[in-house]
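Reviewing the structure listed below.
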Amino acid sequence: MFAHHISSCLKRRVFTKQPIFNAVICASKRHQTSLTLTQYRLASSVGPSDVSKLLREAQTVMDQGDTSKAYEKYSAALALQPTANNYYNVGVCAQILGKVDEAIDRWENAVAMEPSLAEAHVNLGTAYFVKKRDVAKGLEHMEKALRITPDDVEIKFNLGAMYDSVGKLETAKTLLEECVRSNVNNAEVLLRNVNAKIAAKGLKE
């Protein structure tokens, strides 16, 4: 039922420019986050104005391939500044570390605070559809991402693959044709498969 062609790559763009909060504690219970001892120590060792340093350090260790350290630093930054971008960054690390439920929770918080954060919707769409086998939520978030960034061909490809896997072949075809015109990897192969299914369906009818 589920497509094998959906991109497994996370939208991994991290956000390092943050508004400075005057308060360390989250204003709403909905957005509160628990910390490990390491994260607490990191958060306690800096003030809100030093969050940009934490984020730079997190980006550096992330680029070096140390996702665990990046996760600790991003989580500490989140404790100091509960912004949508910080929730997003922690979610990316959590997903890479196999913490799927936490990743989903962080990205849900991110889009609750900033509904136009397309990257978070893409990652939620993929996580729900591929990891949780929740078709409705997966499609909901990927469709939202496309509405926010209608020219993003990677989103069109993923959504086309999703529609293909649930039998919405004509909709999948339309999206994949656009991807082929934009030379998206594997789009031509998937489009041929969709066209074959449409032809087979027509013969049966």
Side-chain angles (χ1 to χ4, degrees), residues 2 6-19 21 24-46 48 50-142 144-145 148 154-155 158 162:
F2 292 87
I6 297 171
S7 172
S8 60
C9 295
L10 289 170
K11 288 282 190 178
R12 291 180 58 173
R13 180 165 70 89
V14 292
F15 301 88
T16 56
K17 293 182 179 179
Q18 304 286 340
F21 282 19
V24 173
I25 300 174
C26 304
S28 165
K29 284 185 178 181
R30 174 178 174 80
H31 302 299
Q32 285 180 346
T33 180
S34 59
L35 298 178
T36 66
L37 180 58
T38 301
Q39 293 161 7
Y40 176 78
R41 286 172 176 166
L42 279 170
S44 300
S45 66
V46 299
D50 296 317
V51 170
S52 59
K53 180 185 176 186
L54 265 179
L55 293 171
R56 288 194 300 271
E57 291 173 350
Q59 177 67 74
T60 297
V61 295
M62 189 77 165
D63 290 342
Q64 294 170 348
D66 194 336
T67 306
S68 294
K69 281 187 180 178
Y71 172 76
E72 297 290 347
K73 290 180 181 293
Y74 280 131
S75 295
L78 175 60
L80 289 165
Q81 288 186 7
T83 64
N85 290 344
N86 283 339
Y87 273 110
Y88 173 85
N89 290 339
V90 174
V92 169
C93 292
Q95 174 76 333
I96 294 170
L97 293 171
K99 304 172 186 285
V100 177
D101 289 336
E102 181 184 349
I104 288 173
D105 180 69
R106 300 310 189 196
W107 292 327
E108 287 284 12
N109 279 325
V111 298
M113 297 178 76
E114 190 176 328
S116 63
L117 191 57
E119 292 90 343
H121 284 296
V122 169
N123 290 349
L124 281 167
T126 303
Y128 277 124
F129 198 90
V130 177
K131 300 293 185 180
K132 308 301 284 186
R133 298 294 195 259
D134 189 328
V135 172
K137 283 188 176 180
L139 287 173
E140 175 189 350
H141 281 288
M142 201 66 75
K144 283 181 180 178
I148 295 165
E154 181 183 331
I155 296 175
N158 283 345
M162 288 179 173

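- Nearest heavy atoms, Ala118 versus Ala145: O-CB, 3.9 Å.
- Rounding to the nearest 0.5 Å places NE2 of His121 at 4.0 Å from CD1 of Ile148.
- With rounding to the nearest 0.5 angstrom, the CD atom of Glu102 is 10.5 Å from the CH2 atom of Trp107.
- Here the CD atom belonging to Gln59 is positioned 13.0 Å from the NZ atom belonging to Lys73, to the nearest 0.5 angstrom.
- Considering only residues two or more places apart in sequence or on other chains, Asp101 meets the side-chain hydrogen bond (donor to acceptor under 3.5 Å, both in side chains) condition with Lys132.
- Taking CG of Leu124 as the start and CG of Asp134 as the end, the distance is 11.0 Å to the nearest 0.5 Å.
- Remark: the backbone N or O of Val61 is not paired with any side-chain donor or acceptor of Asp66 at under 3.5 angstrom.
- Taking the salt bridge (charged side-chain N to carboxylate O under 4.0 Å, His left out) definition, one finds that Glu114 meets it with nothing, sequence neighbours left out.
- Using a 4.5 Å heavy-atom threshold, the side chains of Glu72 and Glu57 count as separate.
- Two residues are said to be in side-chain contact when any heavy atoms from C-beta on lie closer than 4.5 Å; Lys131 and Gln95 meet this criterion.
- Counting heavy atoms from C-beta on, the side chains of Leu54 and Leu80 come closer than 4.5 Å.
- Within the 4.5 Å cutoff, the side chain of Glu119 has no heavy atoms near those of the Val92 side chain.
- Contact annotation: the side chain of Phe129 never approaches that of Met142 to less than 4.5 Å [non-hydrogen atoms, C-beta and beyond].
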